[in-house]
Amino acid sequence: MPSEEQFEPDATSNAGEDTLILYGQSMADRVSSISSSYTTLLMSMGRRTRGGPEMLVPLVDVRLDGPLPEDGEPATPIFYQLVTLDNLAFVLEDMTNALTTVCQQLAATSSGRSKPDADWLTAVKKNFSEAKANLEKCLPAIESIG
């Protein structure tokens, strides 16, 4: 029987709910969760290195918080950086491209008897649907600028 390691992937779950048990110490030691994310728009003036007029540079303060500690303390940020809006747009495009591959691989490997949990799949579909709706609002907002 494989060794079992307990991992709590859903930092927002209520006490008494099921936790996830992974088979294999090497994975359980590396798996984490993001309990919340924050973004804030910041603005700066700048110009391109090859000259040109001064321009407004939109920056995004991005923070991803790790798992919520059981003692009620705030979560520790696992990523906290200030990036340009165009760089964050690139990261989202790059990640969604990679997620397409991941989802296709999951579909291919789940065609047998072993499948992901139905509640987990429902949550994933809901989050992907909401992400799509949110991203669809970004392009018109940017296009309205000019």
Side-chain angles (χ1 to χ4, degrees), residues 5-15 17-112 114-146:
E5 294 296 326
Q6 187 169 328
F7 168 70
E8 178 62 58
D10 183 5
T12 60
S13 67
N14 296 325
E17 286 189 15
D18 284 342
T19 57
L20 178 64
I21 295 175
L22 294 177
Y23 298 133
Q25 180 72 33
S26 62
M27 282 193 271
D29 286 347
R30 293 189 53 224
V31 175
S32 188
S33 66
I34 297 171
S35 62
S36 58
S37 65
Y38 301 92
T39 57
T40 303
L41 175 66
L42 301 171
M43 305 295 254
S44 179
M45 293 301 294
R47 66 178 176 78
R48 297 198 176 269
T49 55
R50 294 188 177 142
E54 288 187 344
M55 61 185 206
L56 190 60
V57 180
L59 304 166
V60 184
D61 197 20
V62 179
R63 187 176 89 201
L64 304 176
D65 288 339
L68 290 172
E70 291 182 20
D71 61 7
E73 291 293 314
T76 302
I78 58 176
F79 179 86
Y80 195 14
Q81 295 292 317
L82 185 62
V83 297
T84 59
L85 180 59
D86 64 305
N87 184 238
L88 186 55
F90 160 76
V91 169
L92 289 172
E93 184 282 326
D94 194 50
M95 289 183 74
T96 56
N97 184 44
L99 273 173
T100 300
T101 302
V102 167
C103 291
Q104 291 167 346
Q105 291 169 341
L106 178 61
T109 57
S110 298
S111 61
S114 295
K115 298 187 184 309
D117 179 71
D119 291 340
W120 178 87
L121 282 173
T122 299
V124 169
K125 288 186 247 182
K126 178 181 177 276
N127 285 326
F128 278 159
S129 178
E130 290 176 5
K132 178 184 175 187
N134 289 334
L135 284 172
E136 287 176 342
K137 296 173 192 171
C138 290
L139 190 55
I142 296 300
E143 287 175 337
S144 73
I145 297 170

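Atoms CZ and CG, on Arg30 and Leu22 in that order, are 12.0 Å from each other to the nearest 0.5 Å. The line from CG of Asp86 to CG of Leu59 is 9.5 Å long, rounded to the nearest 0.5 Å.
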Donor-acceptor pairs under 3.5 Å, side chain of residues 65-82 to any protein atom, not counting sequence neighbours: which ones?
from	atom 1	to	atom 2	distance (Å)
Asp65	OD1	Arg63	NE	2.9
Asp65	OD2	Ser36	OG	3.1
Asp65	OD2	Arg63	NH2	3.2
Asp71	OD1	Glu73	N	3.0

Identify each donor-acceptor pair in which a side-chain atom of residues 43-53 lies under 3.5 Å from a protein atom, sequence neighbours left out, and give them as a table.
none

Which atom pairs, donor and acceptor, lie under 3.5 Å between side-chain atoms of residues 117-127 and protein residues at least two apart or in another chain?
from	atom 1	to	atom 2	distance (Å)
Asp117	OD2	Asp119	N	3.1
Asp117	OD2	Trp120	N	3.2
Thr122	OG1	Ala118	O	3.0
Lys126	NZ	Glu130	OE2	3.1
Asn127	ND2	Ala123	O	3.3

Would you be so kind as to tabulate the donor-acceptor pairs closer than 3.5 Å made by side chains of residues 88-107, with sequence neighbours excluded?
from	atom 1	to	atom 2	distance (Å)
Thr96	OG1	Leu92	O	2.9
Thr96	OG1	Glu93	O	3.0
Thr100	OG1	Thr96	O	2.9

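A search for side chain to side chain contact (heavy atoms under 4.5 Å, CB included) contacts involving Leu139 returns Glu143, not counting sequence neighbours. Legend: residues meeting side chain to side chain donor-acceptor pair (under 3.5 Å) with Ser110, ordered by chain and number and at least two apart, are absent. Residues forming a side chain to side chain donor-acceptor pair (under 3.5 Å) with Asp61 (at least two apart in sequence, or on another chain): none. Applying the side chain to side chain contact (heavy atoms under 4.5 Å, CB included) rule to Ile145 yields the partners Ile142; only residues at least two apart in sequence or on another chain are considered.
In terms of heavy-atom proximity, Ser144 sits nearest to Ala141 at OG-O, 2.6 Å. Across all non-hydrogen atoms, the minimal contact from Glu136 to Pro140 is O-CD, 3.1 Å.
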Original post:
Passes side chain to side chain contact (heavy atoms under 4.5 Å, CB included), Leu42 versus Val60? Steps please.
Top reply: CA-CA 6 Å; Leu42 301 171; Val60 184; over 6 Å; no
**OP:** Could you go through the side chain to side chain contact (heavy atoms under 4.5 Å, CB included) check for Met55 and Val57 one step at a time?
**Re:** CA-CA 6 Å; Met55 61 185 206; Val57 180; 4.2 Å; yes
